[in-house]
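Below is one structure, written out as structure tokens, with a few remarks after it.
Both ligands and their constituent atoms are indexed starting at 1 by order of listing.
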Amino acid sequence: MSEAPLEAPVEEAAVVASSVAATATTEEVVAANPLRDPRDKRLPRVAGPCVLVLFGVTGDLAKRKLLPAIYDLGNRGLLPPGFSLVGFARRDWQHQDFRQLTHDAVKEHARTPFREEVWKQLSEGIHFVPGEFTDDGAFDALAMALKEIDQTRGTGGNYAFYLSVPPKFFPVVVQQLKRTGLADAPDGSWRRVVIEKPFGHDLKSAHELNETTNEAFPESSIFRIDHYLGKETVQNIMALRFANNLYEPIWNRSYVDHVQITMAEDIGLAGRAGYYDGIGAARDVIQNHLLQLLALVAMEDPTSFDANSLRREKEKVLKAVRLPADLATGTARGKYAAGWQGGEKVVGYLEEEGIPADSTTETYAALKLEIANRRWAGVPFYLRTGKRLGRRVTEVAVVFQRAPHLPFSKDDTEILGQNALVVRVQPDEGITVRFGSKVPGTAMEVRDVSMDFAYGESFMESSPEAYERLLLDVMIGDPPLFPHQREVELSWKILDPVEEFWATQGQPEDYPSGTWGPPSADAMMARDGRTWRRL
Ligand code: NAP
């Protein structure tokens, strides 16, 4: 049986979005939708009137993800009437130039079909303010432009500032917003700031950035992006665990042997050498995405899905994370060497354009962590991430202990593996349960088989992009999917000693591009009598 959709399908939503007045309320937008099931009393999550100010509009993230996601929200009927988008960049541009950039980005990257009527409505609200982040005059002009937009488009002084800018400019822009008074919300309005990753490069810098941001905005107005939390499959970890009774009784040290969390990329630097070198795989991926996944897999059930309850449980887990006593054997790091990827010969990391020949940045990182609490004591959590690996895949695999007794002959169960529950975050989003089954026609031979749930097959619509969900949450003011400053700092606290240790170890170990990482990563597992999952 298929679920009644909460939102109108894309085509109908587009008609609704274009037929209501610019000042209509959420209820009016909903009522104007002829396809809405009248029995469904839930209101869709639609943002109230506001302006989204995007810093860094000419950047890669804005063009590939943010601008298309804004359009997709509009296409789904989820942007408020009067919604306005202000782009800020160091270009001698008119509004029309930014409209053109947005148009091209939407055409190239939007998830939903391009519709003239939706685009027309969105483009009417697109404005541009030129300037450098260090230019006071440009921010004064921004403040004036926003006042004008409030008057012409009824946006009520509600502004979300999205910092899609190089991390060194996060404090600069936040201080400009404070200086101009743009960070202070007059009564009855709101001001929010969205900060991209990486949030700091160690505990000290993350703490300083938190302090700077907290001086301008209250914590409830700060939205730190970890776009993994916007992914449907990641949120589904919570549904899987807490909406069912099937898994929770065995989700603990009595049944779980170990957990493997993997984010593998097949690409190399993809033109981002300037960002990546000096940061590396662990800071880029483990500190945020993988530790957030670990927290969702390992946390206790929150009393509700509100931000405080959820963040409290994640924090408790992060506080209980323990590093291996010996970092030399309990961690691994590598850098890709030349090799073959997707049928093409590719160069090694040190030969990439813009990478210094003596760089010690790792492109592969693996850690073995433990969680010191009653539920997880003694269960290793293995985390790995890397570039130029065999293929692009992100998954969480909960691997269960073997059955305590097998009443079959040894031959019949020779190739039987361990039960596993695998959450596929991307691609082919879904869940697989692996278990033993009798091989047909044999006396009692037992082998591994898989039971699959695929998002694409079970639900009729494609999943929204993570940034659609997160942008909507920012405009609504719904913070559960954004890490709190304490989570960010706890994650750096876990990683800092590893980074300090690696800094004393010289060059990371080579692995040929297109393979699954350095030999030390396999050795780390072998010492525990385990292997990495073959993906
Ligand atoms: P990017 O391509 O380097 O873009 C940076 C943007 O900031 C450009 O629009 C650039 O404008 C602008 N900018 C830089 N210095 C400026 C200044 N002094 N004054 C005004 N504008 C200035 O970076 P990105 O890849 O889009 O990443 C943006 C943020 O998202 C970063 O914090 C990054 O870590 C994070 N992030 C990116 C990705 C991704 O896939 N790209 C993924 C996750 C997180 P110009 O065109 O004038 O240089």
Numbered in order shown, the ligand 1 atoms found under 4.0 Å of a heavy atom of P166 are 5 (C), 7 (O), 14 (C)
Residues pairing under ring-ring contact (aromatic ring centres under 6.0 Å, His included) where one sits in residues 205-225, two or more places apart or in two chains, turn out to be F223-F482
for atom 36 (N) of ligand 1, nearest protein heavy atom and its distance come out as E196 OE1, 3.7 Å
Note to self: Quick check: F199 with F170 (ring centres under 6.0 Å apart)?
What the structure shows: no
closest protein heavy atom to atom 37 (C) of ligand 1 is R272 NH2, 3.3 Å
Atom 48 (O) of ligand 1 has as its nearest protein heavy atom R90 NH2, 2.9 Å
Item to complete: Answer yes or no on whether K107 is positioned over the face of F114, meaning its NZ or CZ is under 6.0 Å from the six-membered ring centre and within 45° of the axis.
Response: yes
The atoms of ligand 1 lying under 4.0 Å from a heavy atom of Y275, numbered in the order shown, are 34 (O)
- Message: For Y159 and F161, take the angle between the two ring planes, folded into 0 to 90°, and tell me which bin it lands in: parallel under 30, tilted 30 to 60, perpendicular over 60.
- Response: perpendicular
Would you say H227 touches ligand 1, if touching means a heavy atom closer than 4.0 Å? no
Within the 4.0 Å heavy-atom cut-off, what K197 brings close to ligand 1 is both
| task | Check whether any heavy atom of R64 sits under 4.0 Å from an atom of ligand 1. | result | yes
Atom 21 (N) of ligand 1: closest protein heavy atom, distance to 0.1 Å, is F133 CZ, 3.1 Å
Filtering L54, V165, L66 for the heavy atom nearest atom 31 (C) of ligand 1 leaves V165
Near T58 (heavy-atom distance under 4.0 Å), the atoms of ligand 1 are 8 (C), 9 (O), 10 (C), 11 (O), 45 (P), 46 (O)
Closest heavy-atom approach to atom 28 (C) of ligand 1 among G56, G131, S164 is made by S164
Quiz prompt | Neighbour count >12 (heavy atoms, 6.0 Å) for atom CD, Q94 | solution = no
At under 4.0 Å between heavy atoms, what of F55 touches ligand 1? The answer is neither
closest protein heavy atom to atom 18 (N) of ligand 1 is E132 OE1, 3.0 Å
Note: ligand 1 atoms sitting under 4.0 Å from heavy atoms of P198 are 34 (O)
Check ion pair E208-K204 (N to O, under 4.0 angstrom): yes
If we number the atoms of ligand 1 from 1 as shown, the ones under 4.0 Å from a heavy atom of F170 are 32 (O)
If I apply the N/O under 3.5 Å rule, does D60 come out as touching ligand 1?
yes
The closest protein heavy-atom partner of atom 42 (C) of ligand 1 is L61 CD1, 4.0 Å
- Going through the distances and angles, do F169 and F55 end up as a ring-ring contact (aromatic ring centres under 6.0 Å, His included)? CA-CA 10 Å; F169 288 112; F55 295 98; over 10 Å; no
- Message: Protein heavy atoms near atom 3 (O) of ligand 1, is at least one of them under 4.0 angstrom away?
- Response: no
Distance-only, no hydrogens or angles: does the R153 side chain make a donor-acceptor pair with backbone N or O of F83 under 3.5 Å?
-> yes
Exercise for the section: Kindly assign one of parallel, tilted or perpendicular to the pair H103 and W119, based on the angle between their ring planes and the thresholds 30° and 60°. Expected result: perpendicular
So for A89, does at least one of its heavy atoms come nearer than 4.0 angstrom to any atom of ligand 1?
no
Polar proximity ligand 1 side, G59 side, N/O cut 3.5 Å exclusive: yes
Assign the ring pair F139 / F88 to parallel, tilted or perpendicular, where the plane angle (0 to 90°) is split at 30° and 60°. tilted
Step-by-step ring-ring contact (aromatic ring centres under 6.0 Å, His included) determination, H127 to F98:
CA-CA 7 Å; H127 306 256; F98 178 43; 9.5 Å; no
Under 4.0 Å from one or more heavy atoms of R91, ligand 1 contributes atoms 45 (P), 46 (O), 47 (O)
**Message:** Looking at R224 and K197, would you say the former's side chain and the latter's main chain have a donor-acceptor pair under 3.5 Å?
**Reply:** no
Applying side-chain hydrogen bond (donor to acceptor under 3.5 Å, both in side chains) to T331 and not counting sequence neighbours gives W502
